[in-house]
Number of protein chains: 2
Amino acid sequence: MSRDVTRAAARLPSLPARLPATPPTLADVAERAGVSRQTVSNAINNPDLLRPDTLARVQGAIDELGYSPNRAARNLRTRSSHLVGMRIGPAQEGTANATMDRFVHSLVETTREAGYHVLLFAAEPDDPMTGYDDLLRSTAVDAFVITDTYLGNPQASWLEQRRAPFVAFGRPWDQPEARHPWVDVDGAAGTALATDHLLDKGHTRVAWIGWRKDSRIGEDRRSGWLRAMHGRGLSTTGLASRVEDTVASGRDASAHLLDEAQPSAFVCASDTLAVGVLRTLADRGLVAGRDVAVVGFDDSQVAPLTQPGLTSVRQPLEDVAVEVVKALEGLLGHPPAVGPGVMLTPTLTVRGSS
Amino acid sequence: MSRDVTRAAARLPSLPARLPATPPTLADVAERAGVSRQTVSNAINNPDLLRPDTLARVQGAIDELGYSPNRAARNLRTRSSHLVGMRIGPAQEGTANATMDRFVHSLVETTREAGYHVLLFAAEPDDPMTGYDDLLRSTAVDAFVITDTYLGNPQASWLEQRRAPFVAFGRPWDQPEARHPWVDVDGAAGTALATDHLLDKGHTRVAWIGWRKDSRIGEDRRSGWLRAMHGRGLSTTGLASRVEDTVASGRDASAHLLDEAQPSAFVCASDTLAVGVLRTLADRGLVAGRDVAVVGFDDSQVAPLTQPGLTSVRQPLEDVAVEVVKALEGLLGHPPAVGPGVMLTPTLTVRGSS
DNA sequence: TTGAAAGCGCTAACAG
DNA sequence: CTGTTAGCGCTTTCAA
């Protein structure tokens, strides 16, 4: 093989740590170990099939050469890439985005442990599905993780129709017929946790500031507050408000509620709204955590920075990632296994505001 | 070809939008269009070589079949994956992380336009280079983008020694001999911009609160403040402080500076420190923006949420991504072209605090 | 247990 | 301008 002459010549003068111009192949390892290529392949993929001494010799050659199987070749052969695609939206400022970023970190970490990598892609400006379509048809990824299952977007049903493997972070709100695996965080449980926390501290008039009614997630979070209040036989009349997710809205809403309903505590659908509440309290010379308690949602970057620190509901995104990867592994297993949806419970990060 | 019989049978009863069990190949398109496989390949990669009518026929077949070249096969053949690897650190809370997340978004967006995808990977807990090594040896990515070029980490020199194509977001602080392409944001220019902004407003005693001396980035940012002050012949004696990057440190440092040196404005190395300054002002009944001006750095999520809004230096991460991708394209071009480092200038987002 | 042969789907080189 | 041939590096039959 003249190729090997070239390769040997190319490798000789180089530093041990430097990668040769063209990486070693299965054949190189085989020659070095004095076995056939398939034996090397088996050493990697089915070590049990080899005699221990053969395995050791092959392993030695692999280490010496710094061999790692060529992905493209392996992908072509096995029809799988060990890549998981995930679309990320534009870098809009805001809490929702930050939550997704936190999730991406967890996902990358978890997929690594499962032998997968995460391929990020951006939405095409025009068609929301083109990115998925291309990756799917070119068999560039084995599966997708989708995240925004609300706002009635077409991803889930589109992928399902295509029989593309995917796991959703977010329950299929509007699709009871959906059969795909999903993982979600129980927002209602989170706000119930927050509300109970306040009730345990002796508050009886706990107000809610949430999002507009068309937000499924917002209504879900609101229901947890309602449930906790009613669970103790407390009235919620006049204690709720539905507004835009901005600081100004939270500020206005809390001012209004304080005037009209005299709550001693607020549970909010987001940290943004909670910051608005803190501002109202400051406006009025009230001390958060002493005079009025406040709890936010998402435990965002701002929560520890407010004065006092903002108590906030925290989504267990690390656990979400773990469950997503589990579902992914089931989906890509032989035979494919799709379990039921997984619902996780958030925790409460208690700080000075409550 | 018995395979085609199977395929046709499989495709017939399916919905047009549903992906056939096994995606169409070049051969399928070729047969459909009545040309050879090579012609289809040319239609995709070198359309100029085809006669217009042939091209149209092939294109038609491609569209009808929903054909997209198999990535693995193409990667194997061309020895390139059109994937760019980027390592992300653990999801620690904090501004630095948020900046990186913003950058990732921009990078994904920009690479998409260049026909690349971003492959994210996590650091192995033990060895910082294993992730790079594996991806490199398995030829899973064409190049890397590295981000933390400070803290004397080994990535840059390691990759350079391996002759692995990579672009750094961050100048090679400690390696004047480095020859790799890099893109960075001129922190000194940012703080100079901030300082000049304050000086233009009539301030003469502008204080600096920055990081400890071992931070290259911190010292760079500090130098911009120094330069701007000295540029107007103003003294900086007693006006600077170097502390940890925490709210508490910013609060303490600003309190101390106010007592000792009576500054009327603060420029900070981070938004975190600036939040600390705001807290001191609130403690003392001073109004930020009216009594004392404050400017932060990074224009993080908290900046618009503080009361009043925090003026902050903003890194042009979108532009960084564009330059990084440009450098990447040069690096991966034929022949590879490596240009000089690119230094970008930040902007100032002015809010109520100044 | 190990080895030989075949082929995944594509593109580069050349021949027509 | 189009078609033929070869082979990228790997894994999966099937034999030995």
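Each chain gets a letter, A, B and so on, in the order the sequences are listed, and its residues count up from 1.
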With sequence neighbours excluded, tell me which residues meet salt bridge (charged side-chain N to carboxylate O under 4.0 Å, His left out) with [X].
| X | value |
| --- | --- |
| B:R37 | none |
| B:E329 | none |
| A:R179 | none |

TODO: Please determine, for the side chain of A:N70, which listed nucleotide (C:dC10, D:dG9, D:dT12) has the closest atom?
DONE: D:dG9
Task: Shortest side-chain distance from A:R79, nucleotide among C:dT1, D:dT12, C:dC8 - done: C:dC8
TODO: Taking atom types as modelled, find out whether B:N75 and B:S81 have a side-chain donor-acceptor pair closer than 3.5 angstrom.
DONE: no
Within less than 4.0 Å of OP1 or OP2 of [N], is there a side-chain N or O belonging to [X]?
| X | N | result |
| --- | --- | --- |
| A:T39 | C:dG3 | yes |
| A:S36 | C:dA4 | no |
| A:S41 | D:dT11 | yes |
| A:R74 | D:dG9 | no |
| A:N45 | D:dT11 | yes |

Task: Duplex segments of DNA chain D, taken as runs of at least three Watson-Crick or G-U pairs that stay under 3.5 Å - done: C:1-14 with D:3-16
Rounded to whole angstroms, how far apart are [atom1] on [X] and [atom2] on [N]?
| X | N | atom1 | atom2 | answer |
| --- | --- | --- | --- | --- |
| B:E31 | D:dG3 | CD | P | 13 Å |
| B:D53 | D:dT2 | CG | C1' | 12 Å |
| B:N46 | D:dC1 | CG | C1' | 12 Å |

Name the pairs: protein N/O against N/O of nucleotides 5-7 of chain C, kept only if under 3.5 Å.
{"from": "C:dA5", "atom 1": "N6", "to": "A:Q38", "atom 2": "NE2", "distance (Å)": "2.8"}
{"from": "C:dG7", "atom 1": "N2", "to": "A:R77", "atom 2": "NH1", "distance (Å)": "2.9"}

Task: Partner set under side-chain contact (heavy atoms from CB on, under 4.5 Å) for B:E64, not counting sequence neighbours - done: B:R32
TODO: Name all residues meeting the side-chain hydrogen bond (donor to acceptor under 3.5 Å, both in side chains) criterion together with B:Y132; count only those two or more places apart in sequence or in a different chain, and write none if there are none.
DONE: B:Q155
Open item on the list: Applying side-chain hydrogen bond (donor to acceptor under 3.5 Å, both in side chains), can you list everything that pairs with B:Q175, at least two apart in sequence or on another chain?
Closed with: none
- [ ] May I ask you to say whether B:R102 pairs ionically with A:D101, meaning some side-chain N is under 4.0 Å from a carboxylate O?
- [x] no
Answer with base, sugar-phosphate or nothing: what part of the nucleic acid does [X] contact at a heavy-atom distance below 4.0 Å?
| X | result |
| --- | --- |
| A:N75 | nothing |
| B:L50 | sugar-phosphate |
| A:L26 | base |

Donor-acceptor list for residues 53-61 of chain B side chains, cut-off 3.5 Å, not counting sequence neighbours:
{"from": "B:D53", "atom 1": "OD1", "to": "B:R51", "atom 2": "NE", "distance (Å)": "3.2"}
{"from": "B:R57", "atom 1": "NE", "to": "B:A33", "atom 2": "O", "distance (Å)": "2.9"}
{"from": "B:R57", "atom 1": "NH2", "to": "B:A33", "atom 2": "O", "distance (Å)": "3.4"}
{"from": "B:Q59", "atom 1": "NE2", "to": "B:D63", "atom 2": "OD1", "distance (Å)": "3.4"}

